Amino acid sequence: MRSVPHDLRILARGRDGRAVLALPGDDGRPVGIEHMDLDELPGRLAAVERAEHPRWVWSDARDHLPRLLAAGVTVERCHDLRLVHQILVHAASVPSDDRAALLAAAAWAVPIAEATAPEQEGAAALFDLEATGRPDQVPADLDETCAELSRQLRAIDGAQDPSRLRLLAAAESSGAIIACELRAAGIPWDVAEHERILVEHLGPRPSPGAAPARMAELAAEVREALGDPLLSLDSPPRLLRALHRAGIDVSSTSKWELEGIDHPAIAPLLAYKRLSRLLTANGWAWIGGWVRDGRYRPVYVPGGVVTGRWASSGGGALQIPRLLRPALRADPGWTLVSADVSQLEPRVLAAMSRDGEMARAGRGTDLYAGIVAAGVVATRQEAKVGVLGALYGGTSGDSGRIVPRLREVFPDAMRLVDRAAEIGEVGGTVSTWLGRSTPPADERWSAAQRAAHQVDATSTEQERARRSARDRGRFTRNFIVQGTAAEWALAWMALLRQELAAFEPVAPELAASGSGPLFSRRAHLAFFLHDEVIVHAPLSQAEAAAAAIRDAADQAGRLLFPGTEVDFPLDLAIRERAVKD
DNA sequence: GGTCTGGGCGCG
DNA sequence: AAAGCGCGCCCAGACC
């Protein structure tokens, strides 16, 4: 009834730590089985790659790829069974018995592993399994791999729109490769510049346990202004009590509540908080823990967020403060090509909903300016607040005032997100454009809704249930947009990676020092942040890399939304350092 | 000693 | 006052 795609090639774990290559047969059983030692694998795999350009089926990129990359070998395409399992097991478009079969294969649903800072790794362990944060849990032997592949192919083939799920599986799997490659290549990191920024803001590096000079000064000012000479600023409850004693009426110590209060303690306190954050999150300890040989090598976690966005594990790769962006710096003779998409999420919404009016507002560069130009609102700020309110479910304040206006002007777009919210509020499932679905509402949520519908429900129970229903509505409203934007970004990166891989290597004397065997002689992806990429490129390839980034964005739009009027303009810059403006 | 939770804040 | 989504990380405090 169904034939296995002919370009699949299986890489699995053999007995005694050996590797095994095979082809999936039409009956689901492996054929053409080859066993080999691990040190033979990169050479053999590279030969198959060159000759056949297969799609490699493996349990988990993290099982195999780090070792291959260290040996200078990578692959064009894969099918990552763990990631695709995670998608298919919830996908609403997959028939329920196929989903049940996947659910029964519970070992494929492994939790995200912790990252290990390089300082805790042996130097030789950098590319071992342990170092990639991957416990040995997924059943990766040949039979299990084939069985799971069969389940997944059946699930996709039986889905309402197999082509979308196939595209999603390919994009997600490509992300698995890219995440490993990003770690192997690393972010070129200028430690001297990072330290200069720390000293500029905090003062000289303090001895262990001591506070930096600037923080100590600010803390003294705060204690003086509050008349509390022994106060610790690092304990929110104590700080809150001290603020109350000083007559400052706040309900928390958070900065948005403190801002705007007129008291001599506030300015130094806010400054202290800012510095404290810099020190603890990205101070000298962070450099020592995460930067080695001029590279920051974060662990990216594709599919780590329910919506399909990537998460990161260790070092906070997706939360690097803007203040430290200048430390992201190209190697000598190289440059950074940085690009981010302007207003990705509203553009994705316009494309998904085929809202022509919204597509037209975005044509050119700035969607918010387009909304102003169309006469919908008076200022760019209002346009932005309104659109974010539409995407997030804002009801009060400025966004609550503006969203109804957007509902008149962009009826198709607003209907799509409003409908997603309605479905979520009653416990339903919504899906992204390519078919990633929300997990079912958890049992506590459903129990609260049931309780509120009993005849003897208290008003507290009813109010709590209404609130959690609205919470879930905002989640599902945002899910379809954030998740589809993540799909667009995956396609963008996958297409970009393909283009960069075709670049000619530069001369050996122009090689980057720390990017590893595969990436030191041609432009390569170095950083990814939801709607933003940075490519590290030899100077001679910078313009070509910029063109590739733009071309990949155009192609991604057409791939996901054939015939769409929506464009995806980029802010792009070629600079030595990744600073904005 | 360890683990867990919430506050707070960085990113999109 | 964070109004409105999704994260990770650090710290203090609570608890075992």
Side-chain angles (χ1 to χ4, degrees), chain A residues 112 114-115 117 133 232-240 249-261 269-270 272-283 285-286 289-290 298-325 328 340-346 348-349 384-403 417 420-421 424 430 432 436 438-439 467 470-486 488-489 527-533 580:
Chain A
I112 303 305
E114 293 294 308
S232 160
L233 304 189
D234 299 323
S235 165
R238 291 186 210 181
L239 178 58
L240 187 60
D249 182 28
V250 285
S251 64
S252 78
T253 64
S254 42
K255 67 171 186 178
W256 49 84
E257 200 169 347
L258 297 176
E259 279 165 359
I261 287 178
L269 177 54
L270 290 172
Y272 177 91
K273 282 168 162 281
R274 221 173 40 243
L275 295 186
S276 170
R277 167 80 191 184
L278 176 63
L279 174 70
T280 56
N282 297 99
W286 184 91
W290 293 102
V299 176
Y300 290 98
V301 186
V305 177
V306 275
T307 58
R309 268 190 178 182
W310 287 16
S312 69
S313 163
L318 304 182
Q319 293 112 275
I320 294 169
R322 291 266 161 198
L323 180 69
L324 291 180
R325 282 301 184 89
L328 240 149
D340 64 83
V341 195
S342 314
Q343 306 98 31
L344 175 58
E345 291 189 355
V348 158
L349 173 58
K384 185 172 178 175
V385 166
V387 168
L388 292 180
L391 299 181
Y392 296 159
T395 53
S396 63
D398 289 343
S399 75
R401 188 168 50 77
I402 300 166
V403 168
V417 284
V430 298
T432 61
R436 189 189 308 260
T438 47
R467 186 156 42 78
R470 285 194 302 268
D471 288 348
R472 190 156 190 284
R474 286 192 302 275
F475 165 63
T476 51
R477 167 192 294 273
N478 184 248
F479 180 93
I480 59 169
V481 180
Q482 186 182 123
T484 304
W488 184 94
F527 186 63
F528 169 61
L529 183 53
H530 306 316
D531 61 356
E532 176 183 358
V533 296
K580 269 202 102 128

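As the structure is a computational prediction, the values presented were derived from the model and not from experiment. Proteins get letters first, then strands, A, B, ... in listed order; numbering begins at 1 in each.
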Please report the interatomic distance [atom1]([X]) to [atom2]([Y]), rounded to the nearest 0.5 Å.
X	Y	atom1	atom2	answer
A:Thr307	A:Phe475	OG1	CZ	7.5 Å
A:Leu258	A:Leu239	CG	CG	7.5 Å
A:Asp471	A:Thr476	CG	OG1	10.5 Å

Rounding to a whole Å, what distance do you find between [X]:[atom1] and [N]:[atom2]?
X	N	atom1	atom2	value
A:Gln482	C:dG4	CD	C1'	13 Å
A:Ile480	C:dG4	CD1	C1'	15 Å
A:Leu258	C:dA2	CG	P	11 Å
A:Leu278	C:dC10	CG	P	13 Å
A:Asn282	C:dG8	CG	P	16 Å
A:Arg436	C:dG6	CZ	C1'	13 Å
A:Phe527	B:dC11	CZ	P	11 Å
A:Glu532	C:dC7	CD	P	20 Å

*Quick one: is C:dG13 close enough that its OP1 or OP2 comes under 4.0 Å of any side-chain N or O from A:Arg238?*
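It does, given that an N or O in the side chain of A:Arg238 lies less than 4.0 Å from OP1 or OP2 of C:dG13.
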*Watson-Crick and G-U pairing of DNA chain C written in dot-bracket, each distance under 3.5 angstrom, with | for inter-strand partners*: ....||||||||||||
So does [Y] get a backbone contact from the side chain of [X], meaning a donor-acceptor N/O pair under 3.5 Å?
X	Y	answer
A:Thr484	A:Val481	no
A:Trp286	A:Thr280	no
A:Arg477	A:Ala390	yes
A:Thr253	A:Leu240	no

*How does protein reach along nucleotides 5-10 of chain B, written 5' to 3' as B (base within reach of a heavy atom under 4.0 Å), S (only sugar-phosphate), or - (no contact)?*
---BBB
*Interatomic distance at P, B:dG8 relative to C:dA1, whole Å*: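 Straight-line distance between the two P atoms is 12 Å.
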*Could you walk me through whether A:Leu318 and A:Tyr300 pass side-chain contact (heavy atoms from CB on, under 4.5 Å), step by step?*
CA-CA 9 Å; A:Leu318 304 182; A:Tyr300 290 98; 3.9 Å; yes
*5'-most contact on DNA chain C: A:Glu259 or A:Val306, nearest heavy atom basis?*
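Its nearest nucleotide lies further toward 5', so the answer is A:Glu259.
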*Tell me which of A:Glu345 and A:Ser251 sits closer to the 5' end of DNA chain C, going by the nucleotide each one is nearest to.*
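Nearest nucleotide further toward 5': that of A:Ser251.
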*Side-chain donor or acceptor of A:Arg477 under 3.5 Å from a matching atom on the base of C:dG4?*
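Answer is no: no donor-acceptor pair is held.
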_Under the rule for salt bridge (Lys or Arg N to Asp or Glu O under 4.0 Å), what residues qualify as partners of A:Arg274, not counting sequence neighbours?_
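For A:Arg274 there are no salt bridge (Lys or Arg N to Asp or Glu O under 4.0 Å) partners, ignoring immediate neighbours.
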What protein N or O atoms touch nucleotides 14-16 of chain C N or O atoms at under 3.5 angstrom, if any, and at what distances?
none

_Option from A:Leu391, A:Val306, A:Val305 for which side chain to side chain contact (heavy atoms under 4.5 Å, CB included) with A:Gln482 holds_ =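 Among A:Leu391, A:Val306, A:Val305, the one meeting side chain to side chain contact (heavy atoms under 4.5 Å, CB included) with A:Gln482 is A:Val305.
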*Take A:Arg472 and A:Thr438, measure what side-chain contact (heavy atoms from CB on, under 4.5 Å) needs, and give me the verdict at the end.*
CA-CA 11 Å; A:Arg472 190 156 190 284; A:Thr438 47; 4.1 Å; yes
_With A:Ser342 via side chain to side chain donor-acceptor pair (under 3.5 Å) - residues at least two apart_ =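 Per chain and number, A:Ser342 pairs via side chain to side chain donor-acceptor pair (under 3.5 Å) with no residue.
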*Within the structure shown, what part of the strands sits under 4.0 Å from A:Gly400 by heavy-atom distance: base, sugar-phosphate, or nothing?*
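Here A:Gly400 touches no strand at all.
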_Proximal nucleotide (of C:dG6, B:dG12, C:dG8) relative to the A:Asp531 side chain_ =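 In terms of side-chain proximity for A:Asp531, the closest of C:dG6, B:dG12, C:dG8 is B:dG12.
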*Of the nucleotides B:dG12, C:dG4, C:dA1, which one has an atom closest to the side chain of A:Ser399?*
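When the side chain of A:Ser399 is considered, C:dG4 is the closest of B:dG12, C:dG4, C:dA1.
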*Of all the heavy-atom pairs spanning A:Lys273 and A:Ser254, show the shortest one and how long it is.*
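Shortest heavy-atom contact: NZ-CA, 4.5 Å.
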*Heavy atom of residues 388-397 of chain A under 4.0 Å from DNA chain C: which residues?*
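Those residues whose heavy atoms fall under 4.0 Å from DNA chain C, taken from residues 388-397 of chain A in numerical order, are A:Tyr392, A:Gly393, A:Gly394, A:Thr395, A:Ser396.
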_Any A:Leu388 side-chain heavy atom under 4.5 Å of A:Ser399 side chain_ =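 A side-chain contact is absent here, since even the closest heavy-atom pair is not under 4.5 Å.
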*So, are A:Arg309 and A:Glu345 salt-bridged, with charged N and O less than 4.0 Å apart?*
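Result for this pair is yes, salt bridge flagged.
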